[in-house]
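Structure record follows, encoded as structure tokens.
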2 protein chains.
Amino acid sequence: MENRVIEEIKRLIPDPKRVMTDISDLYSYSYDASFGTYLPDIVVQPKSTEEIVRLVQLANQEKFPIYPRGQATGLSGGSLPVKGGLVLDLSKMNQTLIIDPDNLVAIVSPGVLTADIHKAAEQYGLMYPPDPSSSNVSTIGGNLAENSGGPKGLKYGVTKDYVIGLEVVTPEGKVIRTGGKTVKNVTGYDLTKLIVGSEGTLGIITEAILRLIPKPPATETAMVIFDDIVDSGRAISKILTSGILPSKLELMDQASIQAVEDYEPVGLPRDAEAILLVEVDGHPLAAKDEIEKVKAICIGLGAREVKIATTKEEREELWRARKLVSPAIVKIKPTKISEDATVPRSKIPEMFKRLKEIKEKYQLHLVIFGHAGDGNLHPNIITNKLDKEEMKRVEKAVEEIFRATIELGGTLSGEHGIGTMKAPFMEMELGEVGLVMMKRIKEAWDPNNILNPGKIFPEPGQKLVLSE
Amino acid sequence: MENRVIEEIKRLIPDPKRVMTDISDLYSYSYDASFGTYLPDIVVQPKSTEEIVRLVQLANQEKFPIYPRGQATGLSGGSLPVKGGLVLDLSKMNQTLIIDPDNLVAIVSPGVLTADIHKAAEQYGLMYPPDPSSSNVSTIGGNLAENSGGPKGLKYGVTKDYVIGLEVVTPEGKVIRTGGKTVKNVTGYDLTKLIVGSEGTLGIITEAILRLIPKPPATETAMVIFDDIVDSGRAISKILTSGILPSKLELMDQASIQAVEDYEPVGLPRDAEAILLVEVDGHPLAAKDEIEKVKAICIGLGAREVKIATTKEEREELWRARKLVSPAIVKIKPTKISEDATVPRSKIPEMFKRLKEIKEKYQLHLVIFGHAGDGNLHPNIITNKLDKEEMKRVEKAVEEIFRATIELGGTLSGEHGIGTMKAPFMEMELGEVGLVMMKRIKEAWDPNNILNPGKIFPEPGQKLVLSE
């Protein structure tokens, strides 16, 4: 970026603390929770929609890219400044967090932490259901851009299902409002749901209206231990076709169980092939009855043991095992390639088989856990990015995981987004025309390709490269 | 349309029964359930995606418009062939209705009646929640194009919330698949949710994958009678912030009550200002407890009487009053202008006030009923389209209803769509830039303006004209 342009940016945002060009600052903005580092030319922390408008208009004039970013906890490279330019750190845009209980909505700025929305809603007996694992550290702006999921997706859906209105700065620096405070709205094209999940390529979200629901008064949790992972798959199907819709239905495979026990023994059976964690919520009488039905179904299908938590502490203890999986597996080797390949629920047993074959073929440490109830598994490859030979095998294994997912009628990404990591595989899922139709929207909205270029759409001949 | 083109269409679809050019046939395709009649040049009933592809490609070559249509029960003019050309009657595209219980999805052709999906799902203990009043006669294709709502929208959302995959013929005659069988999918832009509700302007849906949920085992219904309509509004707020999310929460005002009693006396109190119909569903114990809580809340806020149905027959009897409103009001005068202005829930009392003022100002017969729980009211003006002087007043009243809705933070359409009827008011809600961003998508996808032209986007200077 020319010095002249940098000076112009500093004139537009006359607060030296919020405009960074020091190399050490640029380095701290060069990576996210995925793979690869890319130095931006400048980092700006805007505090208002007007400041963003000015920056985007300048970017269109001077033709430099803008990379919006929350806390950069994303796993697909959505916020990486792959073509340099300006990183727009939205974490200081956190002035608004209003709960409007009469309309069952929250109004939030993009820099607000998602967990703070959870807490604010609970004070009114309400709930904002989307619960990505990162919710204590990730911003709602990032969740909106990537359409984050989480365990509660099974019953409650994902981020997009709770967004009913947006204020957005367009790629050419104009402000639009989409949707509003009403849950029903069919006035023209649904720009709200187009922009949510567009990974910052179609607009910069400066405010969002989120739908809230009454907080279910009761929750019941069970941990179910299976000797055979295929039985656990059958139990999942049986539960879901018995009239029960659990709020969470999580799975840990044997590798996950063993990783947790090596890391911090919590008494999980190392010889079990799978553990299911099932949570139901709702009316107290209903939740109690449903968790007993879940128990009966699992026992009937060969579960070794079913533990039902009777107190809040016991419930938290059961969930601790699942929460320890991520920290536990990075102790094995330092690099974790976390995928979110998602298959139709009925294909879960077949997907397990395919993953086992891939693991053996490439001799990799592959751990599977995740949101089994909605087919959104997280196969994690545990590796070391300094081991170039192994990383070559990882690249091939990742490609095969995607291929298997699509062959089984699934999708590249259930909740992490495409970013840089999955862009090379887009045509495999969407076909040439499908991708062209998406690209036409991008080109119509962002003729100068200012917002987050290098994401979602593959460059000609682009391949997944993990071995730097 | 030139004869040469008509002959070419007949060559493409070599089945004379499915290609109509007789004037009597063209007349039967010239109207829908809204306002105005427009003669097409030709009507085709395709039976396959391939036939549609051929027709759309020819349309691009010869530059004639295509108007996709289901059963034409729409209330906003979405299927009217306002620029002539070809009406594509999709009612024969009804070959597929598959329930896949393991994946909790249905796969459907656009010509399938929505009620048939309800019935098919129920046979597996599942439910397809969207329930527009027209569901016994409207096709799922029409529901998808208009993103139909219904009473269950309050708890379960609208059509769009249940669509996870589509097969679509693009405006240039190519076939794309969006989404798939997985509930979670963040692979690129959400074309599924962009196309659903785009009123046939962005593509012709030839197959859809719908998400199903376990059918709630129990339902409880209450009818609540209020002397004061403001009290009924307060009761709605109180119910929704008490942790109860009813599956339906419908309102009838005094004019609706009196219309029903004049039409077919069912014993409603003519002097009551409002009746609420509240339905809760879920676990039997929970539903019983919740309906009793609803009763207590309503009594506490001044309800005159609360009747809780104890049998299926009693439940149907309570709902009959609500179902009679539409047939009852058209007995008063022959023309019904049915609006679906939607306001944030907290603004319902204010909206009642505004509607009363509009009714008095223009001396019209205005009846209000609808989905009060989500702010989606149906103010219906009962009039006679042959009375030109009155229709002029109706035009002005409709415009004022829209203006009031938007001033209160609401939207032009909660569930009927924009079509021709509301196009003139789009900029009022969206602003100039918002409308431009929508139009850019249309232009990028449909450069020859083939699909359903004359809808959603106003022509320069277009006004609402009801007095022909």
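Side-chain atoms are counted along with the backbone in the values below, which use heavy atoms only and exclude waters and symmetry mates. Note on naming: letters A, B, ... go to the chains in the order of the sequence lines (proteins, then strands), and numbering restarts at 1 for each one.
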Checklist entry - Hey, are B:Ser346 and A:Asn103 close enough side-chain-wise for a donor-acceptor pair under 3.5 Å? => result yes
Checklist entry - Looking at B:Glu429, B:His371, B:Lys174, which makes the most heavy-atom pairs under 4.5 Å with chain A? => result B:Glu429
Checklist outcome for this item: If one checks every heavy atom of A:Glu146 against chain B at 4.5 Å, the contacting part turns out to be backbone
Checklist entry - In terms of heavy-atom pairs under 4.5 Å, which option from A:Asn376, A:Ile176, A:Leu430, A:Thr411 contacts chain B the most? => result A:Thr411
Next on the checklist: Which atoms of A:Met438 are under 4.5 Å from chain B, going by heavy atoms: the side chain, the backbone, both sets, or neither?
Outcome noted: both
Checklist entry - Between the main-chain N or O of A:Ser413 and the side-chain N or O of B:Thr187, is there a donor-acceptor pair closer than 3.5 Å? => result yes
Checklist entry - chain B: which of A:Lys455, A:Lys193, A:Lys181 shares the most heavy-atom pairs with it under 4.5 Å? => result A:Lys193
Checklist entry - Does the side chain of B:Ser237 come under 3.5 Å of the side chain of A:Asp102 through a donor N or O and an acceptor N or O? => result no
Item to check | Atom pair CD1 (A:Ile164) and CG (A:Asp190), whose distance is rounded to the nearest 0.5 Å | outcome: 11.5 Å
Next on the checklist: Between A:Glu172, A:Glu432, A:Lys155, A:Arg211, who has the most heavy-atom pairs with chain B when the cutoff is under 4.5 Å?
Outcome noted: A:Glu172
Item to check | Closest-packed option against chain A by number of heavy-atom pairs under 4.5 Å, given B:Ile244, B:Ile456, B:Leu212, B:Ile441 | outcome: B:Ile441
Item to check | Region of B:Glu443 in contact with chain A, defined by heavy-atom distances below 4.5 Å | outcome: neither
Next on the checklist: Checking B:Lys152 against B:Met127 for the side chain to side chain contact (heavy atoms under 4.5 Å, CB included) test, could you report, in this order, the C-alpha distance in whole Å, the side-chain angles of both residues, the deciding distance, and whether it holds?
Outcome noted: CA-CA 12 Å; B:Lys152 283 191 183 156; B:Met127 174 164 86; 3.8 Å; yes
Checklist entry - Between the side chains of A:Glu415 and A:His378, is a donor N or O closer than 3.5 angstrom to an acceptor N or O? => result yes
